[in-house]
There are 2 protein chains.
Amino acid sequence: MAGEKAHHERCEGHGHAHSPHSDVAAMIECARAFAAARKLPFTEMRARVLTVLAREEKPLTAYEITDRLSVSKKVQAVQVYRALDFLQEAGCVHRLASKASYFACDHEHHPGEAVVFMVCSQCGTVQEAPSDLVAQGLQGAAEHAGFKPAYPIVELEGECARCSETKAA
Amino acid sequence: MAGEKAHHERCEGHGHAHSPHSDVAAMIECARAFAAARKLPFTEMRARVLTVLAREEKPLTAYEITDRLSVSKKVQAVQVYRALDFLQEAGCVHRLASKASYFACDHEHHPGEAVVFMVCSQCGTVQEAPSDLVAQGLQGAAEHAGFKPAYPIVELEGECARCSETKAA
DNA sequence: AGGGAAGTGTAATAGTATTACACCCTTGCG
DNA sequence: CGCAAGGGTGTAATACTATTACACTTCCCT
Ligand SMILES: [Zn+2]
Ligand SMILES: [Zn+2]
Ligand SMILES: [Zn+2]
Ligand SMILES: [Zn+2]
């Protein structure tokens, strides 16, 4: 499921706001590698969608992406959804369930890992951080209920460090 | 935020599938108590929506609820959304972000608690279980990032015990 | 050359949620 | 009593999110 990502060690841990991705090219490379491994084409459309997300510091809805892309040439939402499906499979884009929006991911993910998406209700940015404790907690809850876990969705709404400071000032 | 719920100790722990709620009346009472505490009316519409959800073993979308209610008398989705807002505030209904659907809740919730919604991809039922470990994990991740947490969304897709057995047979 | 898997472009449709507005009904006053 | 304010209702319209269907292409394998 995870597949191989070409951009290991991008972000040394977590903590940096998701923000304008330092290296769009590296993310493209990640997607390209995934495509190659599956013998699937890494098409124009897929690259365009990923690029838009990677340049943005906040999650975008599929229709916002559609609008951005349509500036140059008219694009239909369904085309964007198709690309998003691919990119999510590739692991370089995540969907934010609470906001029905999508954002590019800088991180290397491992199966069985639980990643927390921290969403700022003020500025909308997302920070992601893996948590072993959360993973264990999920595992424990599932076990106790005889539930066989497949994949988790963990989102935390709140206020990011930057916005807290700003407000204090 | 939590408010007082009248139906303490309904479910001795967790583990029982969400299923046809043993005591619809108790849930109604919970909502009524919340309304009273806020000096808000517990209206017909609110009771009807809660009753539909409480009788159902799976989450329903707002439009499914609308259809159920419309059997007796035509109802608009917006009316259902309004009631759902109230019931969520009251804490007796939750929204499942991954499925954009709603289900009635049997449990007493406490602030700072993290509740895991285990969603069966086979039969669609939801089981909820609080997890201290998850709560700690979220707290830790937030702290490390300077993030001020407000409320978490924790959903775990997988296969429930019942469906696992069924398949084995 | 032929066949199949995968992608594209376009149109239409399904499904989820909100806004706007006119009206009602209670509560709390002057 | 008169009447304003807050909340709920009912209705219509609209906005926003996601999927299905289909005709056509392209690439790869044989
Ligand atoms: Zn990620
Ligand atoms: Zn912020
Ligand atoms: Zn609950
Ligand atoms: Zn099941």
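Just so we're on the same page: letters track the sequence lines, and every chain starts at 1.
For the pair A:E64 CD and D:dA18 P, the interatomic distance rounds to 11 Å; values are reported in whole Å. Rounded to whole Å, atom P of C:dT18 lies 10 Å from atom CG of B:L84. One can place CD of A:E89 at 12 Å from P of C:dA6, the figure rounded to the nearest angstrom. Atom C1' of nucleotide D:dT19 and atom CG of A:D85 are separated by 10 Å, given to the nearest angstrom. Between the CG atom of A:L96 and the P atom of D:dC16 there is a distance of 18 Å, given to the nearest Å. The CZ-C1' distance, from A:F42 to C:dA6, rounds to 16 Å in whole Å.
When side chains are defined from C-beta on, B:L53 counts as touching B:L84, because their heavy atoms get closer than 4.5 Å.
Applying the ring-ring contact (aromatic ring centres under 6.0 Å, His included) test to residues at least two apart or on different chains, none of the pairs has a partner in residues 42-83 of chain B. The stretch residues 59-76 of chain B participates, sequence neighbours left out, in these salt bridge (Lys or Arg N to Asp or Glu O under 4.0 Å) pairs: B:E56-B:R68. Counting only residues at least two apart or on different chains, the side chain to side chain donor-acceptor pair (under 3.5 Å) pairs with a member in residues 39-48 of chain B are B:R48-B:S72.
Partners of B:T66 under the side chain to side chain donor-acceptor pair (under 3.5 Å) rule, at least two apart in sequence or in another chain, do not exist in this structure. A:K99 is linked by a side chain to side chain donor-acceptor pair (under 3.5 Å) to A:E157, counting only residues two or more places apart in sequence or in another chain. Every residue was checked against the side chain to side chain donor-acceptor pair (under 3.5 Å) condition with B:Q76, not counting sequence neighbours, and none meets it.
The other members of the hydrophobic cluster of B:L138, by chain and number, are A:V116, A:M118, A:V134, A:L138, A:F147, A:V154, A:L156, B:V116, B:M118, B:V134, B:F147, B:V154, B:L156 (side-chain heavy atoms under 4.5 Å, ILVMFWY only).
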Legend entry - Summary of protein contacts for nucleotides 25-30 of chain D, nucleotide by nucleotide, where a base hit scores B, a sugar-phosphate-only hit scores S (4.0 Å, heavy atoms): ------

Inset, instruction - Going 5' to 3' through nucleotides 3-13 of chain D, assign each nucleotide B (protein heavy atom under 4.0 Å from a base atom), S (under 4.0 Å only from sugar-phosphate atoms) or - (no protein heavy atom that close). - result: -----SBBBB-

